[in-house]
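These notes are about the structure you will find just below.
Just follow the structure's listing: the first ligand is 1, and inside any ligand the first atom is 1. The chain is numbered in sequence order, starting from 1.
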Amino acid sequence: MSEAERVPVEVAVGVLVERDATGREGRFLLTSRPEGKVYAGYWEFPGGKVEAGESVEQALARELREEIGIRIGAAHPWQTLVMDYPHARVRLNFCKVFEWTGEFQMLEGQQMAWASLPVQVKPVLPGTVPVLNWFAEERGHAGPTHLD
Ligand SMILES: Nc1nc2c([nH]c(=O)n2[C@H]2C[C@H](O)[C@@H](COP(=O)(O)OP(=O)(O)OP(=O)(O)O)O2)c(=O)[nH]1
């Protein structure tokens, strides 16, 4: 099958963003991919594959509970992006999340980092780079968005 014909796997991705009292957006949460997964150790936004019968929002709530131990409030659909990796073609459904409850627990042995631009943790996953560019646009950030 050619690249263009591969049906994308739907992925729900949570972009947790801190907001101040005026609603201005601040730091966002990055997590590292656990050992044993493709791109282990690369930094991304938490999330995972949508299972049969689930909506993106349901998948996101489940993944964030399973992976980082929190319960989320509303998921706000933000951007979508299809990425072709050698291992899979994925459609990333990025949702912003501003409200959650519970303590963060890295239940798969990941690491977490509250980040702002330019992101200091590395390496970042290829699918993370466009998100940093969207943040840069929204925030009027000029210059690099992450370290190489
Ligand atoms: N979670 C997440 N996945 C991303 C991001 N950017 C990106 O390209 N991806 C890709 C990597 C993977 O190919 C796919 C997500 O699959 P995954 O392996 O994390 O999903 P999962 O937790 O359901 O994993 P599994 O049950 O199959 O082990 O999307 C991102 O920011 N977050």
**Request:** With Arg19 as the cation and Phe98 as the aromatic partner, state whether NZ or CZ is under 6.0 Å from the six-membered ring centre and within 45° of the axis.
**Result:**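 Cation-pi check for Arg19 and Phe98: passes.
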
**Item:** Smallest separation among heavy atoms of Arg6 and Asp84, with atom names
**Value:** NH2-OD1, 3.6 Å

Checking a contact table here: which protein heavy atom is nearest [atom], and how many Å away?
atom: atom 25 (P) of ligand 1; result: Lys49 NZ, 3.5 Å
atom: atom 17 (P) of ligand 1; result: Arg33 NH2, 3.8 Å
atom: atom 14 (C) of ligand 1; result: Val11 CG2, 3.9 Å
atom: atom 22 (O) of ligand 1; result: Lys37 NZ, 2.7 Å
atom: atom 7 (C) of ligand 1; result: Leu125 CD2, 3.3 Å
atom: atom 13 (O) of ligand 1; result: His87 NE2, 2.8 Å
atom: atom 4 (C) of ligand 1; result: Glu44 OE1, 3.6 Å

**Message:** Please check if the number of heavy atoms outside Arg91 that lie under 6.0 Å from its CZ is greater than 12.
**Reply:** no

**Message:** Could you check whether Glu10 pairs with Lys49 (Lys NZ or Arg NE/NH1/NH2 to Asp/Glu carboxylate O, under 4.0 Å)?
**Reply:** no

**Prompt:** For Trp43, does its backbone N or O pair with a side-chain atom of Thr31 as donor and acceptor, under 3.5 Å?
**Reply:**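 Pair absent, no side-chain N/O of Thr31 close to backbone of Trp43.
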
**Cluster link Tyr42 to Val131, ILVMFWY, side chain under 4.5 Å** = yes

**Asked** Side-chain contact, heavy-atom cut-off 4.5 Å: Phe45 with Leu16?
**Response**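 A side-chain contact is absent here, since even the closest heavy-atom pair is not under 4.5 Å.
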
**Message:** Geometry only, no angles: is Phe45 polar-contacting ligand 1 at N/O separations under 3.5 Å?
**Reply:**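 So ligand 1 has an N or O lying under 3.5 Å from an N or O of Phe45.
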
**Request:** Report the part of Val131 in contact with ligand 1, treating N, CA, C, O as backbone and CB onward as side chain, heavy atoms under 4.0 Å; options are side chain, backbone, both, neither.
**Result:** neither

**Message:** Residue-level breakdown please: for Tyr85 versus ligand 1, do any non-hydrogen atoms fall below 4.0 Å on the side chain, on the backbone, on both, or on neither?
**Reply:** side chain

**Message:** Here's a test for you: under side-chain contact (heavy atoms from CB on, under 4.5 Å), which of Glu63, Gln110, Glu103, Gln105 qualifies with Ile68?
**Reply:**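 The single option meeting the side-chain contact (heavy atoms from CB on, under 4.5 Å) with Ile68 is Gln110.
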
Please list, in number order, the atoms of ligand 1 under 4.0 Å from a heavy atom of [X].
X: Val13; value: 30 (C), 31 (O), 32 (N)
X: Gly47; value: 1 (N), 22 (O)
X: Glu63; value: 22 (O), 23 (O)
X: Glu67; value: 22 (O)

Show me, pair by pair, the donor-acceptor contacts under 3.5 angstrom made by side chains of residues 133-143, not counting sequence neighbours?
| unit_1 | atom_1 | unit_2 | atom_2 | d |
| --- | --- | --- | --- | --- |
| Glu138 | OE1 | Lys96 | NZ | 2.8 |
| Glu138 | OE2 | Trp78 | NE1 | 3.0 |
| Glu138 | OE2 | Lys96 | NZ | 3.2 |
| Arg139 | NH1 | Gly26 | O | 3.0 |
| Arg139 | NH2 | Gly26 | O | 2.7 |
| His141 | NE2 | Pro144 | O | 2.9 |

